[in-house]
Amino acid sequence: MHFLVRLAVFLSLCGCSNAQGQTKEEDTEEVKIEVLHRPENCSKTSRKGDLLNAHYDGYLAKDGSKFYCSRTQDEGHPKWFVLGVGHVIKGLDIAMMDMCPGEKRKVIIPPSFAYGKEGYAEGKIPPNATLLFEIELYAVTKGPRSIETFKQIDTDNDRQLSKAEIELYLQKDFEKDEKPRDKSYQKAVLEDIFKKNDHNGDGFISPKEYNVHQHDEL
């Protein structure tokens, strides 16, 4: 995976979605999932915090008009995103849980799990629109906010990440990139990570600040 994609999801925080907040409507509405194909051999399924690679096409349920196709948008590359943290609308976060690589699903997402009463003009989604998505999942990997990644960065096992530990992790990641980066760029990335994640300003990033999923397992 390209370095900039890894860096983007490493820096990202929860609450980046355009989806609307939880409403009372969600008590009665639900995301409907139809499994079109599921591989016979499935040793790994998607969980919250995993990094997924998938293609998905979006349609308005009312008239079947297509408003999004990942095969044509952004040069048609499959999309990388962290599951369950708001990188996509809430309905897709729900719909793509427990999927196998190679699995295909058709899902119907009510407005309260999509763009709600406001809609999304840029995406040609009207207010109170029910959405239909056809999804094909290609890959499931451990996300940058996973327990495993936190432990990998936390080299002294003290349950918190220091600047030195993250700097070392970034250095190794920079070495995998196609383009060499100078020290000033790496320092700027490091400072940005602490600015966005070190909420109490103590110079360390805790599991809670790092947003490790299921961090009670640490």
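In what follows, every heavy atom counts, from backbone to side chain, and hydrogens, waters and symmetry copies are set aside. In what follows, residues are counted from 1 in the order of the sequence shown.
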Considering residues at least two apart in sequence or located in another chain, which fulfil the salt bridge (charged side-chain N to carboxylate O under 4.0 Å, His left out) criterion with E167? none
Are L131 and V107 connected in the hydrophobic side-chain network, where two residues link if heavy atoms are under 4.5 Å apart? yes
Using a 4.5 Å cut-off between side-chain heavy atoms of Ile, Leu, Val, Met, Phe, Trp and Tyr, which other residues end up in the same hydrophobic cluster as L132? Y59, I108
Between I166 and L168, does the side chain to side chain contact (heavy atoms under 4.5 Å, CB included) criterion hold? Intermediate values first, please. CA-CA 5 Å; I166 293 181; L168 178 61; over 6 Å; no
Q160 and S206: side chain donor to acceptor below 3.5 Å: no
Donor-acceptor pair, distance only, cut-off 3.5 Å: does the side chain of D154 make one with the backbone of R159? yes
So, the side chain of E165 versus the backbone of T155: is there a donor-acceptor pair under 3.5 Å, distance only? yes
Min side-chain heavy-atom separation E191-K163 under 4.5 Å: yes
Counting N and O atoms only, with roles assigned by atom type, does the side chain of E103 sit under 3.5 Å from a partner on the main chain of I135, one being a donor and the other an acceptor? no
On the ring face of F133, is K106 found with NZ or CZ under 6.0 Å from the centre and within 45° of the axis? no
On a heavy-atom basis, which atom in C100 and which in P39 lie closest, and how many Å separate them? CB-CD, 4.1 Å
On a heavy-atom basis, which atom in F81 and which in Y56 lie closest, and how many Å separate them? CE2-CE2, 4.0 Å
So, for I153 and Y169, which heavy atoms are closest and what is the spacing to 0.1 Å? CG1-CD1, 3.5 Å
Checking the side chain of T130 only, and the main-chain atoms of A61 only, is there a donor and an acceptor separated by less than 3.5 Å? no
Tell me whether N41 at atom CG has more than 12 heavy atoms from other residues, nucleotides or ligands lying less than 6.0 Å away. no
Is the backbone of S46 close enough, under 3.5 Å, to the side chain of D50 for a donor and an acceptor to pair up by distance? no
Going by the side chain to side chain contact (heavy atoms under 4.5 Å, CB included) test, name the single residue among V140, T141, L52, T45 that passes it with P101. V140
Nearest heavy-atom neighbours spanning Y138 and H55: OH-CD2, 3.3 Å
If we ignore hydrogens and angles and just use 3.5 Å, is the side chain of R105 paired with the main-chain N or O of A95 as donor and acceptor? yes
K62: side-chain hydrogen bond (donor to acceptor under 3.5 Å, both in side chains) partners, not counting sequence neighbours: none
Flag the pair I89 / Y115 as yes when at least one side-chain heavy-atom distance between them is below 4.5 Å, and no otherwise. yes
